[in-house]
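Quick note on labels: first sequence line is chain A, next is B, and so on, each numbered from 1.
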2 protein chains.
Amino acid sequence: MTVGIKDVARLAGVSPATVSRVLAGRAVDSDMQERVLAAVKSTGYRPNLSARRLRSQHSNTIGLIVADIRNPFFTAVSRTIEDVAYARGMRVILCNTDEDPAKEEMYLRLMQEERVTGAILAPTRRGVEKVDAIPKDFPIVLIDRAGTSRQHDSVLLDNHAMAALLVRHLHEQGYRRIAGLFGAASTTGAERRAGYEQAMAQLGLDPEAVLVDHAPGAAEAAVARLLQATSRPEALIASNGVMLTRVLHAVRDMGLVIPGDVALAGFDNEPWMELVGDGLTVIEQPVAEIGRTAMTMLLDRLDHPDAAARRIVLDGRCLVRGSSTPIRRTSAAA
Amino acid sequence: MTVGIKDVARLAGVSPATVSRVLAGRAVDSDMQERVLAAVKSTGYRPNLSARRLRSQHSNTIGLIVADIRNPFFTAVSRTIEDVAYARGMRVILCNTDEDPAKEEMYLRLMQEERVTGAILAPTRRGVEKVDAIPKDFPIVLIDRAGTSRQHDSVLLDNHAMAALLVRHLHEQGYRRIAGLFGAASTTGAERRAGYEQAMAQLGLDPEAVLVDHAPGAAEAAVARLLQATSRPEALIASNGVMLTRVLHAVRDMGLVIPGDVALAGFDNEPWMELVGDGLTVIEQPVAEIGRTAMTMLLDRLDHPDAAARRIVLDGRCLVRGSSTPIRRTSAAA
DNA sequence: AATTTATGAGAAAACGTTTTCTAATAGCCA
DNA sequence: TGGCTATTAGAAAACGTTTTCTCATAAATT
């Protein structure tokens, strides 16, 4: 019942090939073109993209695999990627791994079965080890996390440096006992932790890094444990925006005030972060640039399949706000 | 170069049809099955989903068209829809209209060309008028906005009642001059405005509704205009979460405090909303239930194409927080 | 003016599957 | 034991396009 290219051709009195050519915008007799366009309109013909993809062997689709679209960082990056893609006539398939390597593997397989033109992937910590096993003829750009893999293109934040920057900022404000909460399931967490520990060591401070699960409630529990200890930290660092939100909740629930009882700083800027209290000090990531760069790299890769893999490392901005005002010590200094 | 079902068949010494049957999990000789599976593994065969869809005539894909995935309401709903869909072996194509009817139309056309099994759509205000023109054989569920269309299934919030609820709450707290900011491009905004106006009228109050564009900066400008007027409103209502955030920003930028200078309430709950000041009073939508219901309706529709269209209206919860504490009048009462 | 080259249209093949159709074998009942 | 049915596998058609191939006609070159 559905109208196909043959029906259009018959109505217009031309061959299917001609209809295809008209639709592809290639040179045809203007009279025929007119008849074809009229026939398309009158039949309400809609090309079947599956058939088109099967025959033409390119999908014009890219896969986007992130941990969780509810994380505003990924939301923002995704949005940019989609806009660029659709502007180029490409579709995007979006998948959430929930930091689960099994899901990630399944979605990567799905992408191959969809014969996507390429994929943009934020791999899980365990997934990043397997990423080098992906066939070279499957173009991939890693975002946000790349681990040690140098085989694929990647666009990353300078996590190490940014975490260190945060530590030094807190140190300058007079904080000494600075604890850090880092995501356990992502390489991002690991890198930020390393930056944190190195900066702490350089300043002669004792690092206290906590690895936090992706599971709900984990961050809250970690905060409670930290702040109920005998020598409570003077400041907390949260390694991403979602965790920062949870830490904030947990601190409030304990009846503590920021920064009076404990200072707070973290990663990822969101519109509300300057509204809570006197604002939250954060490292803002260049989300739009990350998305745009990833798409550009992917398209470049398609043009030059054999070029060497590139790694682009971007810097964030440290937005200093009220949650890290200079410390006011109540008793003896450290 | 890519390995197809024929290659697998040749290696396993069976016909392509048999390979297809094994992969579909249908009954075959166990010896052959074993050989096929071995051949699949050794060749690294990946089925071509385009070919499969073309031949089998079902795409196992649903389209999801929302205004903007960066709006946390849509993010949350999308996430639920995706989870349900993938659990059923279906894919989701996600598109953002940016409240632009032209984009919406284009994406609806795209969905038809993809031969999606069905679509879930949050139509723009102008798009909702055209939605009845969509062929009946294209299953659609409208979410969040349905206007007067009764031809398609829909799952909605009781916008009228919820807006009225917010008005009555503010009235109970002692507020009288209550202004509302409503999205100009969505039917949601229109319905909430109607509820607001009716409730205001019933309480004998003068409504002051402002229609706010989707464009950036529009909400801020509207707030500035309202609060600089000679008789400044005592309370503001924002018709969705994004607008609420912007209103909050604007109020803060003017150096006013909430609720001391002006009270604030709105729609859509987000994790941070209990953290800013003494919390924001909002109507929380049952986002997960909306997503789940939409998917269920869509799947039902596929089973019963000729059943009458259903409209499911859900209630939200009013979360009372600090931004609407009882008014303390400085001078004479109204 | 004759030959080559360029252009454009139709016929038919091809893309990689699933499904229908046909045939063969095994199992069952009388 | 003979015929009938049920089951399973292979051959071939089909899905709706694009693209290659072939041919005819027009344009260009010598």
Side-chain angles (χ1 to χ4, degrees), chain A residues 1-37 39-40 43-61 89 91 109-117 137, chain B residues 1-37 39-40 43-61 89 91 109-117 137:
Chain A
M1 305 311 77
T2 164
V3 29
I5 205 171
K6 290 178 191 166
D7 304 296
V8 175
R10 199 177 318 119
L11 186 64
V14 301
S15 75
T18 300
V19 176
S20 174
R21 285 189 261 257
V22 169
L23 264 35
R26 271 182 285 174
V28 287
D29 182 88
S30 69
D31 175 47
M32 282 181 157
Q33 168 151 340
E34 214 167 287
R35 293 211 312 271
V36 168
L37 260 23
V40 165
T43 55
Y45 167 74
R46 295 269 172 271
N48 182 320
L49 296 187
S50 290
R52 175 174 293 176
R53 283 201 271 263
L54 172 59
R55 171 61 235 216
S56 68
Q57 300 286 67
H58 38 72
S59 65
N60 279 347
T61 301
R91 327 262 162 265
R109 184 162 50 234
L110 173 65
M111 293 303 121
Q112 328 227 125
E113 298 185 353
E114 290 279 4
R115 302 294 193 269
V116 296
T117 312
D137 62 345
Chain B
M1 312 335 75
T2 166
V3 30
I5 206 171
K6 289 178 192 168
D7 305 295
V8 175
R10 198 175 319 119
L11 186 65
V14 301
S15 76
T18 300
V19 177
S20 173
R21 287 190 261 255
V22 169
L23 264 36
R26 270 182 286 174
V28 287
D29 182 87
S30 69
D31 175 46
M32 283 184 155
Q33 168 152 339
E34 214 167 285
R35 294 211 311 274
V36 168
L37 259 24
V40 165
T43 55
Y45 166 73
R46 295 268 172 272
N48 182 319
L49 295 187
S50 290
R52 176 174 292 176
R53 282 200 272 261
L54 173 59
R55 172 61 234 217
S56 68
Q57 300 286 67
H58 38 75
S59 65
N60 278 348
T61 300
R91 327 264 164 263
R109 185 163 47 232
L110 173 65
M111 293 304 120
Q112 327 227 125
E113 299 185 352
E114 290 279 6
R115 302 294 193 270
V116 296
T117 312
D137 62 345

A.B. asks: Can you see if the side chain of A/Arg26 gets near the phosphate of D/dT19 - specifically, an N or O under 4.0 Å from OP1 or OP2?
C.D. replies: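 For D/dT19, OP1/OP2 do have a side-chain N/O of A/Arg26 under 4.0 Å.
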
A.B. asks: Whole-Å distance between D/dT19 P and A/Leu23 CG?
C.D. replies: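 From A/Leu23 CG to D/dT19 P: 13 Å.
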
A.B. asks: Which pairs, with at least one residue in residues 22-37 of chain A and sequence neighbours excluded, count as a side chain to side chain donor-acceptor pair (under 3.5 Å)?
C.D. replies: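 Side chain to side chain donor-acceptor pair (under 3.5 Å) check on residues 22-37 of chain A returns A/Asp31-A/Arg35.
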
A.B. asks: For residues 12-25 of chain A, which side-chain donor-acceptor pairs fall under 3.5 Å, sequence neighbours excluded?
C.D. replies:
residue, atom, partner, partner atom, Å
A/Ser15, OG, A/Ala17, N, 3.4
A/Ser15, OG, A/Thr18, N, 3.3
A/Ser15, OG, A/Thr18, OG1, 3.2

A.B. asks: Starting from P on C/dG10, measure out to CZ on A/Arg10 and report it in whole angstrom.
C.D. replies: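 That distance rounds to 14 Å.
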
A.B. asks: Over all heavy atoms of both residues, which pair between B/Asn60 and B/Thr117 is shortest? Give the atoms and the distance, please.
C.D. replies: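 B/Asn60 and B/Thr117 have their closest heavy atoms at N-OG1, 3.4 Å.
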
A.B. asks: Send over the distance from B/Glu114 CD to D/dT17 P, rounded to a whole Å.
C.D. replies: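 About 13 Å, once rounded to whole Å.
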
A.B. asks: When you check every protein heavy atom under 4.0 Å of nucleotides 9-16 of chain D, what one-letter string (B, S, -) results, 5' to 3'?
C.D. replies: BBB-BBBB

A.B. asks: For a quick test of reading the model, state the closest non-hydrogen atom pair linking B/Ser59 to B/Val116 and the distance between them.
C.D. replies: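 Closest heavy-atom pair between B/Ser59 and B/Val116: OG-CA, 3.4 Å.
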
A.B. asks: Looking at CZ of A/Arg52 and CD of B/Glu114, how far apart are the two atoms once the value is rounded to the nearest 0.5 Å?
C.D. replies: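 That separation rounds to 10.5 Å.
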
A.B. asks: Do you know which of A/Leu11, A/Thr2, A/Ile5 makes side-chain contact (heavy atoms from CB on, under 4.5 Å) with A/Tyr45?
C.D. replies: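 Option passing the side-chain contact (heavy atoms from CB on, under 4.5 Å) with A/Tyr45: A/Ile5.
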
